[in-house]
Structure formats: C-alpha cells, structure tokens
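Data first, discussion second: the structure below is written as structure tokens.
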Amino acid sequence: MLKIYNTLTRKTEEFQPLEPGKVKMYVCGVTVYNDAHVGHAMSAIVFDIIRRYMEYRGYEVRHVMNYTDVDDKIINRANALGEDPLKLSQRYIEDYTNDLKSLNVLPATSNPQVSKTMPLIIKFIEGLIEKGHAYAAPNGDVYFRVTSDADYGKLSGRKLEDMQAGARIEVGEQKEHPMDFALWKAAKPGEIFWESPWGKGRPGWHIECSAMNLAELGEQIDIHGGGNDLIFPHHENEIAQSESYTGKEFARYWIHNGMLQLGGEKMSKSLGNIVNIKEFLSKHSADVMRMLVLNGTYRAPLMFNDETVAAAERNVERLKSALKPASPSAKGLPADILSALAAAIETAKTNFTEAMDNDFNTASAIAALFELSKSINTARDNEATADQLQPAQDTFRELAGVLGLTLEEKKGSGDANKFIDLLIEVRSEVRKQKLWALSDLIRDKLKELGVSLEDTKDGTTWKWT
RNA sequence: GGCGUCGUGGCCAAGUGGUAAGGCAAGGGUCUGCAAAACCCUCAUUCACGGGUUCAAAUCCCGUCGACGCCUCCA
C-alpha cells in the first residue's frame, strides 16, 4: 500500500487515485530565463522517481510539467540582451529539456507553456470575475479577491489576519485587500502583451498553472508537486483560483521537495551560490546527481558539498560493482551460497517496495540495493557462474532502473578503445616477464589519461574514469 | 513577529513505542608481484538539552536552545 505525505493535511496518507489505476500529476516546472542549477535538478529527479515508482507499481501516470515562458524576469533579461522574450524563453526551454535528458529524467507526458494557453487563461479570469472572485482595477490589472475564498491559506497554514500584520506586505494602490494577487497585469509601454477584455497585458504568475492544469488534466488531479518554496504564495493561490472557479477540490495530494543546500543555505539565483546542471555533469555522471537525491529524504534539505558529492560518487561505483560479470573460469557456487543469493533477491525486492511505499523512502530503498550488491559480489567471489549470477543481477538492474539509475560505465571515444586494448595486451606480456616497474608505469600513465586498470586472475579489465 | 520542517556516530542518512538500517571516511585482515576492486572484522550503552507519560521512548507530551524554508521572485 503506497503512502504519501500530503502537505495539505500534514499527514502521511494512503494513496487513492481519483480513477483506479491512473494518476494525474502536475509538477511546477521552471521559469525559463537562465541556466538551470542542481537545485532544479533535484526537484526534477524527485518527481521522476515518484513517477517511475508509480509506473512500476502499475499506475498509468499522466505527468504534466509546465514552462513559465512569460514573466517579469524573462522580460527584463530579454530587454538586457535585446532579444525577443519568447525567443529567449524558447531557447531556455530547449536548454532545460536537454538538461533533463542528460539527467535521465523521463520526459513529462506534456509540457504546456503559458504563451500557448492565453485564451484559456483569459476565459478562466472572466469566470472568476463573473463569480465575484476577482475584479478589474481601473489601470487594467485584474486581482483575485482573497476575502471571497473562505478557506484561503489552508495549504500554507496562514490566516489572512496574520499575513496582513506582516511588515513587508505593502498595499497595492489598486487592490481591495493587501493579499489580493494579480491574475492579469496591464502591459507597461514597450512590453510584450496579449489583448484581453481588460486591455493589453499578460497573466500573473499563478493563474497559468490553474489554467494549464484544467487544460491538460481537468478540474481535479491526484498529485500536485513542486519545491517547498512554492507552497506560499504560488500553490496557495493556485488552489484559491482553481477551487473558486470549479467549486471542486483541486488536488488531492500535495507533494513538496526540500531545498538543496549549498554551504548551509538554499541554492538560489539571488544568493548567487549556484552550480549549473551542465557544470555538474561535466564533472560527474547523472547517476551521481541522482544518488545525492536518493541518499536523503525528498522532503528534507539536501546537503550538497564536496564531501557529499564524493560519497555519492563512491556509492555509484559500489552499485556498479554488482553488475561486473562472473569470472569465465568460475566453477559454480556451493549450495549454501546459491540459496543465500536466491533469498537475497527476495529480501531486496520486499525491502525495496516497503521502503518506496513508505512515502518514497529512497534512502531505505537504496540500502536494499547495497545489500543485494553485497550478496552478488560475495557470490562472484565464491565461483558463481554467469548463469547463477544473472537472476540477482537482473533484479538489481530492474530496481536500480526504478530509481532511474543507469549504472552505465562512462564511454570514451571509440577510436581509443582498440589502442587501449593493445596496450593492455602488451602489458600482459610485460607482466608475464615480471617487469613490474614497466607494467606499473603503463598503469599509472593510463590512469592519468582517465583509464583505470584492474588486474584479476582472469586478466586485466579497464574502464574510463 | 507569524506559519512550517527539523535536530541520530568524523560526514551523508534510515528508523516514529520494544531496545540504533545503509553508505562515505578511518583502522585491521583476506586476495594481489604491487595496486585497484571485492569480501571479512572494528567503528553511537546512545539519538540537541531539561522535564513528563509508559513495564518499555531516538520514537508520544510539555518546555528550552539551535538550524533551515516560507511570509518578496524562487525547484
């Protein structure tokens, strides 16, 4: 039985989809005006794992992730670069799509964009005005009337009175209530705009997600996700808009991932403590990024530093060791170890599923993989044949795949491979003659070039590092 | 100030009532010409602190201290 922690109720609840066997999941994507960083990667990986696990459990998942391609920051950046805002955002959409692919994140079922949802957004706002939940200000802005929503604040646990008391809230000139938020913003001179019943303008930040949800998944969805920095105001306002518009409960389960921490602080563009996804992937594999996420709890802050990255690197190597082939000269396993291996397969499956069912407890799930890898390696060291190893390695590969780990070795340039093979062949002859200094020199020099050798009784293996 | 999450070994971290998973690092060993990898052993009488409930608490309750996130754009 799959259980999920729901931000809305602050409880871990049994997952019950609206429609048996199907999951409608909407995850807030990124605002595309800049290179994405590893914090965005964390969020994407978290929901990728959730999606993969639900599919493993047999659900048909419709996974929608939007792109915010109309926004103040995009307009500012485009102005600074002298570029058309929609061209700029389109460029970064392609860029982020590539990042996600590099991270082995499955493509979402669909990726709606604000700029392509304009008619529905306008219709949505009109509907809210008709029902008294919104009003147009004289300057062409349209605001949501928070006092018209009886349970406004239920997701973030805030009350309007408390928020009004907050010192940093300033009363907008055009607003009835300081917490009212913009559904539509009148265009400033020279800004990109769309025609609307309220004049030229563009949508506010929150309305896009309500509209795209409706367009892609309908009035009610199972899961709504995003970073926990979106709980307020973004998700709170989405609920207010959608539920005021449809009169129905919007999302049943709200899932929020924790923030990636660099130097004890949230990684964010405004703090300037950024590691880009591309920068990270130039030094480490996608599996390493994923391992960092898997080692922790998706809801908790994720520590990101040299030490945790190095540990993740080693963890990935350790898991890969389980997939090394059996020795060609293996004589076969003793009966007791063979049955222990069979038992280890079942234990791993059980522990893995129990862990993941418990609100996607990946740290526990990964522990099940470490234990299985130990059993496999022990079997290999005890003369297991390839056939004897295979069932365990198949299970291992399958479970790792559910977490989105590829466990693939790094590929070098194909041309180099045959020369490396040749060098190793020569080195084998050198070793037969016990010319250790020379053979070690070859090994050391290759290491410097990124090729690491391992001498085994069945000969020498190598890989790119 | 308000709302929320959380404080577990040198580090990352699971465990939410029954006597501390897993990984990294470290030390010892097996194997190896030497490495590397793998495997074996060691590594928290204790879970921020102070009270309380209970036969039993890291786990529940109260308080204190501390960290982080949100309250402004944010994955």
Side-chain angles (χ1 to χ4, degrees), chain A residues 7 10 12 27-31 33 36-47 65 68 71-73 153 155-159 161-170 179 205 225-234 236 256-261 264-271 291-292 294-297 299-315 317-322 324 351 355 358 361-371 373-374 376-378 380-382 431 434-437 439-440 443-444 447 452-457 460-461 463:
Chain A
T7 308
R10 298 202 188 82
T12 304
V27 181
C28 285
V30 293
T31 301
Y33 69 102
H37 58 70
V38 288
H40 299 116
M42 174 196 182
S43 188
I45 288 170
V46 163
F47 289 99
M65 190 198 74
T68 298
D71 162 273
D72 287 347
K73 285 186 300 254
L155 180 67
S156 56
R158 290 155 208 253
K159 295 190 178 81
E161 309 86 75
D162 297 341
M163 290 187 279
Q164 243 175 313
R168 287 150 96 182
I169 295 165
E170 288 169 32
M179 293 311 294
W205 176 33
N228 67 12
D229 54 350
L230 297 181
I231 294 172
F232 190 90
H234 187 55
E236 193 70 74
H256 292 97
N257 64 275
M259 295 292 104
L260 185 140
Q261 302 288 119
E265 284 179 310
K266 169 184 165 184
M267 178 175 289
S268 79
K269 290 168 187 172
S270 51
L271 287 168
M291 183 59 79
L292 279 163
L294 290 169
N295 184 53
T297 310
R299 291 194 279 129
L302 175 68
M303 299 302 157
F304 184 94
N305 55 51
D306 290 347
E307 206 170 358
T308 60
V309 171
E313 193 97 48
R314 287 286 305 132
N315 282 336
E317 288 308 310
R318 188 165 186 75
L319 289 183
K320 280 185 195 166
S321 75
K324 287 180 182 170
N351 290 349
N358 182 22
N361 186 337
T362 54
S364 259
I366 209 76
L369 281 183
F370 281 119
E371 268 150 26
S373 96
K374 190 163 284 188
I376 291 171
N377 288 332
T378 298
R380 189 191 303 96
D381 287 351
N382 283 277
R431 290 182 73 222
K434 299 193 191 301
L435 299 169
W436 305 126
S439 95
D440 289 353
R443 186 173 60 196
D444 292 346
K447 182 83 186 172
S452 76
L453 304 192
E454 288 182 22
D455 296 321
T456 75
K457 65 183 162 80
T460 300
T461 64
K463 65 180 179 188

Completion exercise
For A:F232 and A:S156, the nearest pair of non-hydrogen atoms, with its separation, is CD1-OG, 3.4 Å
Practice task
Give A:M303 one of three labels, base, sugar-phosphate or nothing, depending on what nucleic acid heavy atoms sit under 4.0 Å from its own.
Solution key: sugar-phosphate
Handout entry: A:E317 with A:K320: basic N within carboxylate O range, under 4.0 Å
Key = yes
Exercise for the section: Please evaluate the base of B:G22 for a donor-acceptor partner in the side chain of A:N295 within a cut-off of under 3.5 Å? Expected result: yes
Problem - Pairwise C1' distance, B:G33 and B:C40 [rounded to whole Å] - result: 23 Å
Practice task
Identify whether any heavy atom of A:G225 sits under 4.0 Å from a base atom; if not, whether one sits that close to sugar-phosphate; answer base, sugar-phosphate or nothing.
Solution key: nothing
Handout entry: Partner nucleotide, any strand, of B:G1 [Watson-Crick/G-U, under 3.5 Å]
Key = B:C71
Exercise for the section: Would you classify A:M267 as touching base, sugar-phosphate or nothing, given that sugar-phosphate means primed atoms plus P, OP1 and OP2, and contacts are heavy atoms under 4.0 Å? Expected result: base
Practice task
Write down the distance between CG (A:D306) and P (B:C24), rounded to a whole number of angstrom.
Solution key: 18 Å
Problem - Results of ring-ring contact (aromatic ring centres under 6.0 Å, His included) for A:H234 - residues two or more places apart only - result: A:W205, A:H206
Completion exercise
Judged by nearest nucleotide, the residue sitting upstream toward the 5' end of RNA chain B, A:H37 or A:T308, is A:T308
Exercise for the section: Answer yes or no: side-chain N or O of A:N361 and base N or O of B:G15 forming a donor-acceptor pair under 3.5 Å. Expected result: no
Handout entry: B:G27 versus B:G10 - spacing of their C1' atoms, nearest Å
Key = 14 Å
Practice task
Could you grab the distance from atom CG of A:L155 to atom CZ of A:R10, nearest 0.5 Å is fine?
Solution key: 7.5 Å
Practice task
Could you check how far CG of A:N305 sits from P of B:C11, rounded to whole Å?
Solution key: 11 Å
Exercise for the section: Indicate, with a heavy-atom threshold strictly under 4.0 Å, whether A:N257 touches base, sugar-phosphate, or nothing. Expected result: base
Exercise for the section: Would you mind reading off the distance between A:L302 atom CG and B:A13 atom P, rounded to a whole angstrom? Expected result: 7 Å
Handout entry: 5′-ward residue of the pair A:D71/A:F232 relative to RNA chain B
Key = A:F232
Exercise for the section: Between B:C60 and B:U45, how far apart are the P atoms? Round to whole Å, please. Expected result: 22 Å
Handout entry: Heavy-atom pair of closest approach, residues A:T362 and A:L294
Key = OG1-O, 2.9 Å
Problem - P atoms of B:G9 and B:A48, separation to the nearest Å - result: 8 Å
Practice task
Would you mind checking if A:R443 and A:D440 are paired as a salt bridge, meaning a charged N to carboxylate O distance below 4.0 Å?
Solution key: yes
Exercise for the section: Report yes or no: do A:S321 and A:N377 form a side-chain donor-acceptor pair below 3.5 Å? Expected result: yes
Fill in the blank from the handout: Paired to B:G18 by Watson-Crick or G-U wobble criteria (both distances under 3.5 Å) is B:C55
Exercise for the section: Whole angstrom is fine here: how far is it from CG in A:L155 over to C1' in B:G2? Expected result: 16 Å
Exercise for the section: With heavy atoms under 4.0 Å as the rule, sort A:G157 into base, sugar-phosphate or nothing. Expected result: sugar-phosphate
Completion exercise
For A:M42 and A:L260 the tightest heavy-atom approach is SD-N, 3.9 Å
Problem - Closest to side chain of A:M42, choosing from B:G33, B:A21, B:A75 - result: B:A75
Exercise for the section: Have a look at A:A367 and say if it touches a base, only the backbone sugar-phosphate, or nothing, with a 4.0 Å heavy-atom cut-off. Expected result: base
Problem - Pairwise C1' distance, B:A67 and B:U8 [rounded to whole Å] - result: 15 Å
Could you run down the sub-3.5 Å N/O contacts of the protein with nucleotides 36-44 of chain B?
| residue | atom | partner | partner atom | Å |
| --- | --- | --- | --- | --- |
| B:A37 | O2' | A:K324 | NZ | 2.6 |
| B:A38 | O3' | A:N377 | ND2 | 3.1 |
| B:A38 | O2' | A:D381 | OD2 | 2.8 |
| B:C39 | OP1 | A:N377 | ND2 | 3.3 |
| B:C39 | OP2 | A:R318 | NH2 | 3.2 |
| B:C39 | O4' | A:D381 | OD2 | 3.3 |

Problem - base_contact_polar (B:G4 base, A:R158 side chain, donor-acceptor, <3.5 Å) - result: no
Handout entry: Between B:A21 and B:G15 - C1' atom distance, rounded Å
Key = 7 Å
Practice task
Rounded off to whole Å, could you give me the CG-to-C1' distance for the A:N228 and B:G4 pair?
Solution key: 9 Å
Practice task
Give the rounded distance in Å between these two atoms: CG of A:N358 and P of B:G15.
Solution key: 6 Å
Handout entry: B:C61 to B:U53 separation - P atoms, rounded to the nearest Å
Key = 15 Å
Problem - Closest heavy-atom pair and its distance - A:R299, A:H256 - result: CG-O, 3.7 Å
Problem - From CA spacing to verdict: side chain to side chain contact (heavy atoms under 4.5 Å, CB included), A:K374, A:R318 - result: CA-CA 9 Å; A:K374 190 163 284 188; A:R318 188 165 186 75; 3.9 Å; yes
Problem - Rounded distance in Å - CG (A:L230) to C1' (B:C71) - result: 14 Å
Practice task
Using a 4.0 Å heavy-atom cut-off across all strands, classify A:R10 as base, sugar-phosphate, or nothing.
Solution key: sugar-phosphate
Problem - Separation of atom NE2 in A:H234 from atom C1' in B:C71, rounded to whole Å - result: 16 Å
Problem - Spacing of the P atoms in B:A20 and B:A44 (rounded, Å) - result: 12 Å
Practice task
Indicate, yes or no, whether a donor-acceptor pair under 3.5 Å links the base of B:C34 to the side chain of A:R443.
Solution key: yes
Practice task
Identify whether any heavy atom of A:K266 sits under 4.0 Å from a base atom; if not, whether one sits that close to sugar-phosphate; answer base, sugar-phosphate or nothing.
Solution key: base
